[in-house]
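Throughout, protein chains are lettered first and strands after them, A, B, ... in sequence-line order, and every chain is numbered starting at 1.
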Amino acid sequence: MGADHLSGAAMLRIDGLRKAFGEKTVLDGLAFEVASGEVVSLLGANGSGKSTSLRCVVGLERPDGGTITVDGVTAKPGEAMPTVAMVFQKIHLVPRRSVLDNVCAGALGRLGLSRSWSVLAFPREVQAEAMACLDRVGLADRAREKAGRLSGGQQQRVAVARALCQRATVLLADEPVSALDPAASEQVMNLLRSLADDDGLAVAAVLHQPNLARRFSDRILGLAGGRLVFDSRSAEVTDETVASLYRPALEALEAAESAESAESAEMREYA
Amino acid sequence: MTDLTKAPEPRLDIPPRFRPSGVATAVAITIGLVVVHWYAAVQTNTSPKELLEGWRGLWNFLFGVDRTYPNGKTIHQDGAFPLDLRWSETIRPGLEYCLLTIWIGLLGTTLSIPVALFFAVISSRTTNRFAPLWLTGRAVMSVLRAIPETVYALMFIAAVGFGAFPGVIALAIHNVAVMGKLWSEAMDEVDQGPVEALRVAGASPAQSAAHAVLPAVMPSLLGLLLYRFDTNVRSSVILGTVGAGGIGFFIKTEVDSFHFDTMMTYVCMVIVLIIVIDLFSAWLRRKVGTV
């Protein structure tokens, strides 16, 4: 499905991914690929499985079936991959810790407990690497400030620096700009774009803003009901295509509302 | 257009606030509670009559009484008031006993910190995802907590004799269980976001505990620690009465020798001590930013 236009070999490859929470099927055989140097946006209504698919890749959810490979290495279900980093809508820094300590935490996966039991134990070379990552996102001068004192957009860039300090080759972003104002959103999206262009990262971002998706990504994936419904170059995605993604959800909402009002009418009669 | 100045025509019935089944339940619960309390009052001889008859004894205890013995002699038995305010015989030793009580509470709290932290970390689902281990942690703390400090003190006094040291050990063991539980609950309530973020970065549970959970909960842990210090000083007064040193021990000794005035002086000193510790702990908790 449209894999012919990939620039390089697929860095992240997801195939036949399935996941159900109880009765509800969230991922129904989802398949897509992201190449190095490419930014891919995932669009879809709430519950279409965008976030769940990313959470499966990083081991925060255990998929019921399907395979995930990163640079040819197959992921074990429910386990983190050292080469895959993620940034979140709610950013998830430790507000009380300094910016630098937050970035150093990205290196925890390759540090033994003797070099990571406390921030005081972080080796100098890890701190130096974290400073370089902070410099990459333009916040080296804020290293010793408490993370909680930075603005939302700056905090999200610190989270990106933490991902870089993990030495990831794949960066997943779960609604990275939903909590940010337009200017900060622009900055963060520019940063993601540049990480793909200049550093060759494979970037996959769940977005709720079709315009940002079109402007900053190479490809847009449309998800509905846990399946891929389109995979197109950003320029080829029309407003109509995007609107069609949300239409079933709207209809479902209206159906649910009318069912509810019928129910409450019944309740009234009963009373 | 609706005319907002007029009351709207009633169209909907107001749903009833109480359902008949709810009223029946409430009546049944009320009757049940009354019966249980009546039975408890019978079993404990609690009645207005007992209270009136005890009044005389209480008065004598507070203000003294002249007892006439069969041989015709009358002896005055001192009551709790006026207080015994002799400096070198009562007040100065009392202050020393109060300090000892504080030292018992302080050491009992501080010595329990490492073990309490260990139990808190293994018993919180945030920091330990291995179910058998956190079930074990919780079970051990429940058992330790089920035994009151006083019982621990009695056991250690039996083992090592009267004194402040068995009091310290008793407090420390009980406090491991109580503070461990409070701390693990504080950790349970921590925002899971940073924990997940570090898991994605490949952090082990111990690393997540050190770098996501502990920094987030540190002010709560400190607040709970101060609260436990406050409580442990109170407890150490009680432990004294069973022989574990401090002001409590001397309250008990004075009661046993019918020196009610000295005893009441010590009780007043305990009141001041507890209020001072309480204010100090509240002030310090405000300083560290928790309540």
*Return the option, out of Gly202(B), Pro215(B), Ala210(B), with the maximum number of heavy-atom pairs under 4.5 Å with chain A.*
Pro215(B)
_Phe122(A) side, atom CZ; His211(B) side, atom NE2 - distance, nearest 0.5 Å_ = 4.0 Å
*Is there a donor-acceptor pair closer than 3.5 Å between any side-chain N or O of Gln207(B) and the backbone N or O of Ala105(A)?*
no
*May I have the step-by-step check of side-chain contact (heavy atoms from CB on, under 4.5 Å) for Arg162(A) and Leu198(B), ending in yes or no?*
CA-CA 10 Å; Arg162(A) 178 170 66 186; Leu198(B) 293 197; 4.1 Å; yes
*Look at atom CZ of Phe21(A) and say whether more than 12 heavy atoms of other residues, nucleotides or ligands are closer to it than 6.0 Å.*
yes
_Check this for me: Leu33(B), atom CG, are more than 12 non-hydrogen atoms of other residues, nucleotides or ligands nearer than 6.0 Å?_
yes
*asked:* Go through it in stages, so that I can follow the logic: the residues are Arg55(A) and Glu196(B), the test is side-chain contact (heavy atoms from CB on, under 4.5 Å), and I'd like the CA-CA distance, side-chain angles, deciding distance and then a yes or no.
replied: CA-CA 10 Å; Arg55(A) 291 174 64 84; Glu196(B) 287 196 340; 2.9 Å; yes
_Residue part contacting chain B, namely of Leu60(A), when any heavy atom lies under 4.5 Å_ = both
*Please flag which part of Ala197(B) lies under 4.5 Å from any non-hydrogen atom of chain A: side chain, backbone, both or neither.*
both
*Given the options Met81(A), Lys90(A), Met86(A), Arg97(A), which has more heavy-atom pairs under 4.5 Å with chain B than any of the others?*
Arg97(A)
*Looking at Ile91(A), Asn102(A), Val87(A), Val94(A), which makes the most heavy-atom pairs under 4.5 Å with chain B?*
Val94(A)
_Can you confirm whether Lys19(A) is buried at NZ, in the sense that more than 12 heavy atoms of other residues, nucleotides or ligands lie under 6.0 Å from that atom?_
yes
_Between Val200(B) and Val84(A), is the side-chain contact (heavy atoms from CB on, under 4.5 Å) condition met? List the steps._
CA-CA 8 Å; Val200(B) 170; Val84(A) 184; 5.9 Å; no
*Side chain, backbone, both or neither: which part of Ser116(A) has a heavy atom under 4.5 Å from chain B?*
both
_Taking CZ in Arg149(A) as the centre, count heavy atoms belonging to other residues, nucleotides or ligands within less than 6.0 Å. Is the count above 12?_
no
